[in-house]
Protein chains: 2
Amino acid sequence: MVKSNAARLDSIFHALADPTRRALLRDVSAGAKSVGDLARPHALTLAAVSKHLKVLEAAELVARQRRGSFQIVRLNAPALLDADEWLAYYRPFWSSRLDALAQHLEGENQ
Amino acid sequence: MVKSNAARLDSIFHALADPTRRALLRDVSAGAKSVGDLARPHALTLAAVSKHLKVLEAAELVARQRRGSFQIVRLNAPALLDADEWLAYYRPFWSSRLDALAQHLEGENQ
DNA sequence: GCTACATTCAACCATATGGTTAAATCGAAC
DNA sequence: GTTCGATTTAACCATATGGTTGAATGTAGC
């Protein structure tokens with residue numbers, strides 16, 4: 001199932017909107033880890049972490065592969081590129097005094 | 001009420017996870033607009049748009065000011081900088097072949 | 001095939017979300 | 001101060017979310 005661009009951004013930003021999930025991403029950025037290893041530092045049940053991982057996986061922010069009886073989770077950073085590209089549009093609005101310019105123009109706008 | 005950094009990112013990413021809200025941000029990036037003007041192109045009631053704007057405002061992505069009987073909504077791009085900084089950490093993982101390197105290291109990690 | 005361990009699934013719960021309609025508020029203008 | 005237009009609030013609804021516990025599944029090893 002190919003997601004529309006909007007739906008992809010929905011799932012990516014939604015995945016990033018939870019602090020546990022951001023922490024899991026950070027954890028996994030240090031190297032691929034099993035679900036149990038990922039869960040240990042978080043005060044949550046394995047089932048809860050498993051659900052969070054499913055959300056991250058739906059957003060294609062992580063991928064899994066089985067290794068023996070373990071599920072190995074690894075970062076799939078390219079999905080974040082979509083978020084980055086979305087943000088890029090707004091960069092001119094916060095960097096440089098274009099911001100001041102924009103506000104000025106808005107003032108005249110009505 | 002000062003939000004912790006995590007709570008700010010929660011509210012920012014949550015605000016961005018909805019396509020209507022992203023569209024509203026895009027609309028308002030072209031210049032400050034009244035709530036009615038913002039609502040018009042979206043097939044939603046004013047009440048719904050008002051709620052979306054409240055979410056964007058809670059994330060400090062927009063600000064309002066009253067002008068007569070209108071509420072003028074303007075972009076507050078600097079909040080997006082927080083999201084950008086969070087993303088920046090991951091840039092090395094998708095740009096360049098550092099990605100391949102990371103996966104290689106992950107392979108050895110266990 | 002039984003046992004043990006890693007992980008997921010199912011059922012459940014409380015709260016949040018995104019939408020609606022209808023009533024209430026607020027400012028402007030007469 | 002009444003009326004009109006702009007917006008918010010309240011009440012409601014269906015569905016989603018984030019968590020739990022307990023049962024089920026899958027793989028490894030004996």
Side-chain angles (χ1 to χ4, degrees), chain A residues 1 3-4 6-25 27-28 31-59 61-74 109-110, chain B residues 1 3-4 6-25 27-28 31-59 61-74 109-110:
Chain A
M1 173 198 16
K3 271 184 196 164
S4 76
R8 290 213 65 197
L9 286 172
D10 288 358
S11 62
I12 291 170
F13 283 130
H14 169 244
L16 298 183
D18 180 278
T20 300
R21 286 193 291 263
R22 288 196 306 276
L24 288 172
L25 264 196
D27 292 346
V28 94
K33 290 188 176 56
S34 73
V35 177
D37 284 352
L38 283 170
R40 198 156 310 110
H42 301 279
L44 286 177
T45 60
L46 261 171
V49 171
S50 179
K51 278 191 187 184
H52 280 306
L53 288 173
K54 209 144 68 160
V55 173
L56 289 169
E57 201 177 12
L61 288 164
V62 302
R64 316 170 162 197
Q65 69 195 95
R66 196 168 258 294
R67 189 169 310 183
S69 54
F70 296 83
Q71 291 274 15
I72 299 299
V73 182
R74 64 173 184 76
N109 223 21
Q110 239 292 6
Chain B
M1 173 198 14
K3 270 184 197 166
S4 75
R8 290 212 65 199
L9 287 171
D10 287 359
S11 61
I12 292 169
F13 283 130
H14 170 243
L16 299 183
D18 181 279
T20 300
R21 286 194 292 264
R22 288 196 305 275
L24 288 172
L25 264 195
D27 291 347
V28 94
K33 291 191 175 56
S34 73
V35 177
D37 284 351
L38 283 170
R40 198 158 308 110
H42 301 278
L44 286 177
T45 60
L46 261 171
V49 171
S50 178
K51 277 189 186 184
H52 280 307
L53 288 173
K54 207 143 69 157
V55 173
L56 288 168
E57 203 178 11
L61 287 164
V62 303
R64 314 169 163 201
Q65 69 195 95
R66 196 165 258 296
R67 191 170 307 184
S69 54
F70 295 82
Q71 292 273 15
I72 299 299
V73 182
R74 63 173 184 76
N109 222 20
Q110 240 292 9

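Treat the numbers as computed from the prediction; the structure is a model and nothing was measured. Within every chain, numbering begins at 1; the chains are lettered A, B, ... in the order of the sequence lines, protein sequences first and strands thereafter.
- Distance CD1/B:Ile72 to CG/B:Leu38: 9.0 Å, rounded to 0.5 Å.
- Remark: C1' of C:dT17 and CZ of A:Phe13 are 19 Å apart, rounded to the nearest angstrom.
- Checked against D:dT7, C:dT20, D:dT21, the side chain of B:Phe70 finds its nearest nucleotide in D:dT7.
- Closest contact between the side chain of A:Val35 and the listed nucleotides C:dT8, D:dA6, C:dG19 involves C:dT8.
- Base engagement by A:Lys51 is indicated by at least one non-hydrogen atom pair under 4.0 Å involving a base atom.
- Of the candidates C:dG27, D:dT8, D:dG19, the closest approach to any side-chain atom of B:Arg64 belongs to D:dT8.
- Rounding to whole angstrom units, CZ of residue A:Arg66 and C1' of D:dT27 are separated by 7 Å.
- Side-chain proximity of A:Leu46 to the nucleotides D:dT8, C:dT8, D:dT17 is greatest for C:dT8.
- Rounded to whole Å, atom C1' of C:dG19 lies 14 Å from atom CG of B:Leu24.
- The two residues A:Val28 and A:Arg74 come nearest to each other via the heavy atoms CG2-CA, 4.1 Å.
- The B:Ser69 side chain lies nearest to C:dG27 when the options are C:dT8, C:dG27, D:dG18.
- When each of A:Gly68 and A:Val55 is assigned the nucleotide of DNA chain D with its nearest heavy atom, A:Val55 is the one assigned upstream, toward the 5' end.
- The shortest distance between the side-chain N/O atoms of A:His14 and the OP1/OP2 oxygens of D:dA16 is not below 4.0 Å.
- Which of C:dG19, D:dT21, C:dA22 sits closest to the side chain of A:Ala47 comes down to D:dT21.
- Dashed line: the shortest gap from a side-chain N or O of B:Lys54 to OP1 or OP2 of D:dT9 is under 4.0 Å.
- Taking A:His14 as the reference, A:Arg21, A:Val55, B:Ala17 meet the side-chain contact (heavy atoms from CB on, under 4.5 Å) condition, with sequence neighbours excluded.
- An OP1 or OP2 oxygen of C:dT8 is reached within less than 4.0 angstrom by a side-chain nitrogen or oxygen of A:Ser50.
- Atom C1' of nucleotide D:dA16 and atom CZ of A:Arg21 are separated by 12 Å, given to the nearest angstrom.
- The side chain of A:Thr45 approaches D:dT21 more closely than any other nucleotide in the set C:dA28, C:dG18, D:dT21.
- For the pair B:His42 and B:Leu24, the minimum side-chain heavy-atom distance is below 4.5 Å.
- With rounding to whole Å, B:Arg67 atom CZ is found 13 Å from C:dA28 atom P.
- For the pair B:Leu9 and A:Pro19, the minimum side-chain heavy-atom distance is 4.5 Å or more.
- For the pair A:Arg40 CZ and C:dT7 C1', the computed distance is 13 Å after rounding to whole Å.
- Residue B:Gln71 places its side chain closer to D:dT8 than to any other of D:dA6, D:dT8, D:dG26.
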